[in-house]
Protein chains: 2
Amino acid sequence: MRRQDVNHPTPLYEVKAEFFKALGHPSRIRVLELLSSGQKSVSELLPLVGINPPHLSQQLAILKRAGLVQTQREGTSIFYSLAFPELIDVLAVARRVLIDVLAERAGLLVDLQASAPLPYPGEL
Amino acid sequence: MRRQDVNHPTPLYEVKAEFFKALGHPSRIRVLELLSSGQKSVSELLPLVGINPPHLSQQLAILKRAGLVQTQREGTSIFYSLAFPELIDVLAVARRVLIDVLAERAGLLVDLQASAPLPYPGEL
DNA sequence: GCGTTTTTATGCAACTTCGCAATAATGCAT
DNA sequence: ATGCATTATTGCGAAGTTGCATAAAAACGC
């Protein structure tokens, strides 16, 4: 619990920021996408995410603390799953925006190339 | 440009994480929500966001670098606006998930209260 | 020039990431 | 039940990143 939270009823945009912060890491995005197609145990996730066990465990803990995933023990394995199916929608909508952003970036790139100082005619 | 980017085509989930990271701050969320209802100049945003000018400028720069907002000069003012209207959808969908998350949390809270050691019968 | 609006620079505290070592929790064999 | 292997988590510390304040500078209109 952060110092700030001790006495104040966390304002809404703080909570929203927390939510997005939880999504703001490659491994965590990867995990959520993997869980989009059904629950997975930690040992299943390990090779798919490609980080070492303690690190994965930590990232999973962050997602869990944020309330985005839930766990279920099954023998010696622990299965993680999305806490809410709507999370899939968040990822989908974000994907759509990202397409725009990347298209825009690509556009800027060709502009840059077009306005380049006439590719060094005599270079090399 | 990070070292890692020099030789590798940044994997997609890196880019996605960058996107969500850009949303992962209260002031930035606030700005995006304010811009959802139309462009605003920095000086308009200042009192609404409630942070000091350099800090706001920095947060705006982060949003701009992420490609989420665009600017337009008008005399001495600079107007910021959403780069893509779909951003509003992202915020909306996230809001829906958040409602679930918070409801769940509230549920856990009453469970905790229900299972409390019989609220200190004689306390104060 | 001067005032207004916005950005950049710099520095420090706070937080995050991630590896390694250690620990816990379970199931299975003896 | 004790030990052992498997599965997952926790603790800790180094390195890197982010947040935010103060001071300085840039860009514009007059």
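Reckoned from all heavy atoms, side chains included, excluding hydrogens, waters and symmetry mates.
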May I have the distance from [X] (atom [atom1]) to [N] (atom [atom2]), rounded to whole angstrom?
X	N	atom1	atom2	result
A:Gln72	C:dT26	CD	P	14 Å
B:Asn52	D:dA23	CG	P	12 Å
B:Lys21	D:dT18	NZ	C1'	10 Å
A:Ile51	C:dT16	CD1	P	16 Å
A:Glu18	C:dT16	CD	C1'	13 Å

Study note, to complete from the structure: Protein-proximity profile, nucleotides 2-9 of chain C, B/S/- by nucleotide at the 4.0 Å heavy-atom cutoff, equals ---SSBB-
Look for any protein N or O under 3.5 Å of an N or O in nucleotides 28-30 of chain C and output each such pair with its distance, or none.
none

Partner residues of [X] under the side-chain contact (heavy atoms from CB on, under 4.5 Å) criterion, sequence neighbours left out:
X	value
A:Ser43	A:Ser41
B:Gln72	B:Gln39, B:Glu74
B:Ser36	B:Leu82, B:Ile88, B:Leu91
A:Ile51	A:Ser27, A:Val49, A:His55, A:Leu56, A:Gln59

Point to revise | Residue pairs passing the side chain to side chain donor-acceptor pair (under 3.5 Å) test where at least one lies in residues 81-91 of chain A, sequence neighbours excluded | key: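 Every candidate side chain to side chain donor-acceptor pair (under 3.5 Å) pair involving residues 81-91 of chain A fails, so no pair, neighbours aside, qualifies.
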Check your understanding: What residues in residues 24-39 of chain A put a non-hydrogen atom under 4.0 Å from any atom of DNA chain C?
Key ->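 A:His25, A:Arg28 - these, ordered by number, are the residues of the stretch whose heavy atoms sit under 4.0 Å from the strand.
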Check your understanding: A:Val15 versus B:Val101: any side-chain heavy-atom pair under 4.5 Å?
Key ->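 A:Val15 vs B:Val101: side chains apart.
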Review point. Looking at A:Leu60, A:Val31, A:Leu34, A:Leu32, which hits side-chain contact (heavy atoms from CB on, under 4.5 Å) with A:Tyr80?
Key: A:Leu60
Review point. Would B:Leu98 and A:Leu12 count as a side-chain contact (heavy atoms from CB on, under 4.5 Å) if you check the C-alpha gap in whole Å, the side-chain angles of each, and the deciding distance to 0.1 Å?
Key: CA-CA 10 Å; B:Leu98 260 194; A:Leu12 205 45; 5.6 Å; no
Practice item. Please list all pairs passing the salt bridge (Lys or Arg N to Asp or Glu O under 4.0 Å) test where one or both residues lie in residues 27-43 of chain A, with sequence neighbours left out. Key: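 Qualifying pairs: A:Glu33-A:Arg95, A:Glu33-B:Lys16.
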Point to revise | salt bridge (Lys or Arg N to Asp or Glu O under 4.0 Å) contacts touching residues 55-73 of chain A (sequence neighbours left out) | key: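 Qualifying pairs: none.
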Practice item. Would you name the heavy atoms of A:Ala22 and A:Ala66 that are closest together and state the gap between them? Key: CB-CB, 3.7 Å
